[in-house]
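Computed from a predicted structure; not experimentally measured.
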Amino acid sequence: MSHAARALRRALRSTLWACAAAGALAFAGSAAAQKTQLLVYTALETDQLKAYQEAFNKVEPNIEIKWVRDSTGVVIAKLLAEKANPQADVIWGVAASGLALFDQQGMLEPYAPINLDAIMSQYRDKKSPPAWWGMDVYGATVCFNTVEAQKRGIPKPETWKDLLKPAYKGQVVMPNPASSGTGYFDVVAWLQMFGDDGGKGGGWKYMDALHENIAQYTHSGSKPCNMAAAGEFVVGISFEYRGHSNKAKGAPIDLVFPKEGLGWDLEAFAIHKGTKKLAAAKKLADWASSKDAMILYGKNFAITAQPGVAPKLANIPADYESRLIKMDFTYSASNRERILAEWNKRYNAKSEPRR
């Protein structure tokens, strides 16, 4: 073979390699371009996000989740503020009472996920197709530090009204209902159990008396239980997931489920109206309503929206579901602005400073 022929052959080979490499890069770029990013607003606990995202991406690897996470009240306020110019594609793990409010405002895209029939009717929007549906229930729990209580001679409470006794003065922390979904369902439950009457009912009288014993209102539903677990205060009004997880880690707390009944809400899912990524949002809805997803929720919560999925959680009573009061989400949504304005006027002076 002549020198010229060999040179030509080398040139051709180099060209072929270059074309192949360019093709591979183009294919990789095309594959990356096919990935869809969903902006998901959530109030899920940060120690849950990774497991849920990884499980979803095993099924749908080409949909990326970008989380916007904060406490329930902050997420609700952000979504309402963005109503005229929505940013979120999906709302995942936000209180059903908040989603009911968004539905009233025309902010949700109704969709029946493929697993909807497996979700109990009391844990989903009644319309067909539903605007939202539930994932799991989170309910009121009092975290009671047994070590600090013994030092101070403070008795273990059994009822909500026990917390009004002088022994608890300055030893109770609870979430601010304007920023915490847990705080809001506590307030709504007391108003439903003891009476509202526009600021004059027994629920407000109860909170007036409780306020005398409150040390601080926090901006997180988990924080009161964390503070009780750390011995900063004897009583932290919180929710059962955080109580269960703190006790499982060895915190010296007992979980109290007051006898009058427990307020609660649902972590719930909805698609934001106007999303430009509706197909991907529906795929996330289909997975998030699946049994596989419910099994993950059941690792954290005693009650999932699909029955018979959640295992028995240590420290949570077997009759837990029967202790939940009948919560009226329409009332929660319709009266939210009025209730929070009245609460802030009366009690906000003891709230922790905002971040």
Side-chain angles (χ1 to χ4, degrees), residues 43-49 51 71-72 93 95 135-150 154-160 162-163 168 171-177 179-190 210 213-267 296-304 310-325 327 352:
L44 290 166
E45 296 293 299
T46 51
D47 45 8
Q48 298 164 6
L49 296 180
S71 58
T72 301
M135 302 152 51
D136 47 68
V137 171
Y138 60 109
T141 302
V142 174
C143 298
F144 179 74
N145 188 300
T146 54
V147 173
E148 294 302 316
Q150 188 173 18
I154 297 175
K156 183 176 174 178
E158 294 185 358
T159 67
W160 290 117
D162 280 348
L163 296 179
Y168 298 97
Q171 287 299 322
V172 182
V173 281
M174 75 163 278
N176 181 320
S179 47
S180 161
T182 302
Y184 187 62
F185 75 57
D186 284 326
V187 170
V188 168
W190 294 330
L210 180 65
N213 287 346
I214 292 284
Q216 189 179 68
Y217 299 102
T218 69
H219 292 302
S220 152
S222 290
K223 191 170 182 179
C225 189
N226 293 341
M227 294 170 97
E232 295 176 54
F233 299 96
V234 172
V235 173
I237 298 173
S238 190
F239 63 106
E240 95 284 356
Y241 165 72
R242 188 51 64 198
H244 164 73
S245 60
N246 281 346
K247 189 171 176 67
K249 291 173 189 170
I253 56 172
D254 281 349
L255 306 189
V256 178
F257 302 89
K259 290 180 178 177
E260 298 98 329
L262 308 175
W264 59 281
D265 210 326
L266 288 162
E267 289 191 324
L296 288 180
Y297 308 151
K299 290 182 178 180
N300 302 313
F301 295 93
I303 303 168
T304 54
K312 169 74 174 71
L313 291 181
N315 314 310
I316 307 297
D319 65 345
Y320 178 70
E321 192 164 12
S322 68
R323 300 185 186 209
L324 305 176
I325 72 165
M327 293 289 282
E352 69 176 335

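Between Ala310 and Ile303, the shortest heavy-atom distance links the atoms CB-N, 4.5 Å. Residue Gly243 comes nearest to Cys143 through the heavy atom pair CA-SG, 3.8 Å, listed as atom of the first residue, atom of the second, then distance. What you find for His219 and Ser179 is that their closest heavy atoms are ND1-OG, 2.8 Å. Gly298 and Leu313 get closest at one heavy-atom pair: O-CD2, 4.0 Å. Of all the heavy atoms in Val142 and Pro258, the pair that sits closest is CG2-CG, 4.0 Å.
The aromatic rings of Phe257 and Tyr320 stand perpendicular to each other, their planes meeting at an angle above 60°, with 30° marking the opposite boundary.
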Worksheet item: Passes side chain to side chain contact (heavy atoms under 4.5 Å, CB included), Gln48 versus Phe301? Steps please.
Response: CA-CA 11 Å; Gln48 298 164 6; Phe301 295 93; 3.7 Å; yes

Practice prompt. Go through the steps for Phe233 and Val172 under the test side chain to side chain contact (heavy atoms under 4.5 Å, CB included), then give the verdict.
Written response: CA-CA 7 Å; Phe233 299 96; Val172 182; over 6 Å; no

Discussion item. I'd like to know whether Leu163 forms a side chain to side chain contact (heavy atoms under 4.5 Å, CB included) with Val235, so could you lay out the CA-CA distance, the side-chain angles of the two residues, the decisive distance to 0.1 Å, and finally the verdict.
Written reply: CA-CA 9 Å; Leu163 296 179; Val235 173; 4.0 Å; yes

Item to complete: Check step by step if side chain to side chain contact (heavy atoms under 4.5 Å, CB included) holds for Met327 and Phe185.
Response: CA-CA 9 Å; Met327 293 289 282; Phe185 75 57; 3.9 Å; yes

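Heavy-atom contacts from other residues, nucleotides or ligands closer than 6.0 Å to CD of Gln150 number 12 or fewer.
Going from atom CG of Asp254 over to atom OG1 of Thr141 covers 12.0 Å, rounded to the nearest 0.5 Å. The OH atom of Tyr138 sits 9.5 Å away from atom CD of Glu45, with the distance rounded to the nearest 0.5 Å. Between Lys259 atom NZ and Thr159 atom OG1 the span is 8.0 Å, to the nearest 0.5 Å. Distance OG1/Thr72 to CG/Asp265: 8.0 Å, rounded to 0.5 Å. With rounding to the nearest 0.5 angstrom, the NZ atom of Lys299 is 13.0 Å from the OG1 atom of Thr304. Considering CZ of Arg242 and NZ of Lys247, their distance stands at 15.5 Å, rounded to 0.5 Å.
At a threshold of 4.5 Å between non-hydrogen side-chain atoms, the residues Ile154 and Tyr168 count as touching. Annotation: side chain of Glu352 is not in contact with side chain of Tyr217 (no heavy-atom distance under 4.5 Å). Within the 4.5 Å cutoff, the side chain of Met135 has heavy atoms near those of the Leu44 side chain. Side-chain contact between Ile316 and His244: present, with at least one pair of heavy atoms (C-beta onward) separated by less than 4.5 Å. Residues Met174 and Leu210 are in side-chain contact: their nearest non-hydrogen atoms beyond the backbone lie under 4.5 Å apart. Contact annotation: the side chain of Gln216 approaches that of Met227 to within less than 4.5 Å [non-hydrogen atoms, C-beta and beyond]. For the pair Pro175/Pro224, a side-chain contact is recorded, criterion being any heavy-atom separation below 4.5 Å from C-beta on. Counting heavy atoms from C-beta outward, Cys225 and Ile253 have side chains that approach closer than 4.5 Å.
At least one donor-acceptor pair under 3.5 Å links the side chain of Asn145 to the backbone N or O of Ala228. Under a 3.5 Å cut-off, the side chain of Asp186 and the backbone N or O of Ala140 do not form any donor-acceptor pair. The closest donor-acceptor contact from the side chain of Trp160 to the backbone of Gly261 lies under 3.5 Å. Distance alone, capped at 3.5 Å, is enough to place a donor-acceptor pair between the Thr146 side chain and the Pro252 backbone. Judged by distance alone, with hydrogens and angles left aside, the side-chain atoms of Trp264 form a donor-acceptor pair with the main-chain N or O of Ile325 at under 3.5 Å.
The stretch residues 229-238 participates, sequence neighbours left out, in no salt bridge (Lys or Arg N to Asp or Glu O under 4.0 Å) pair at all.
Here the rule is side chain to side chain donor-acceptor pair (under 3.5 Å) with Tyr241, and of Thr182, Asn246, Asp47 only Asp47 fits it.
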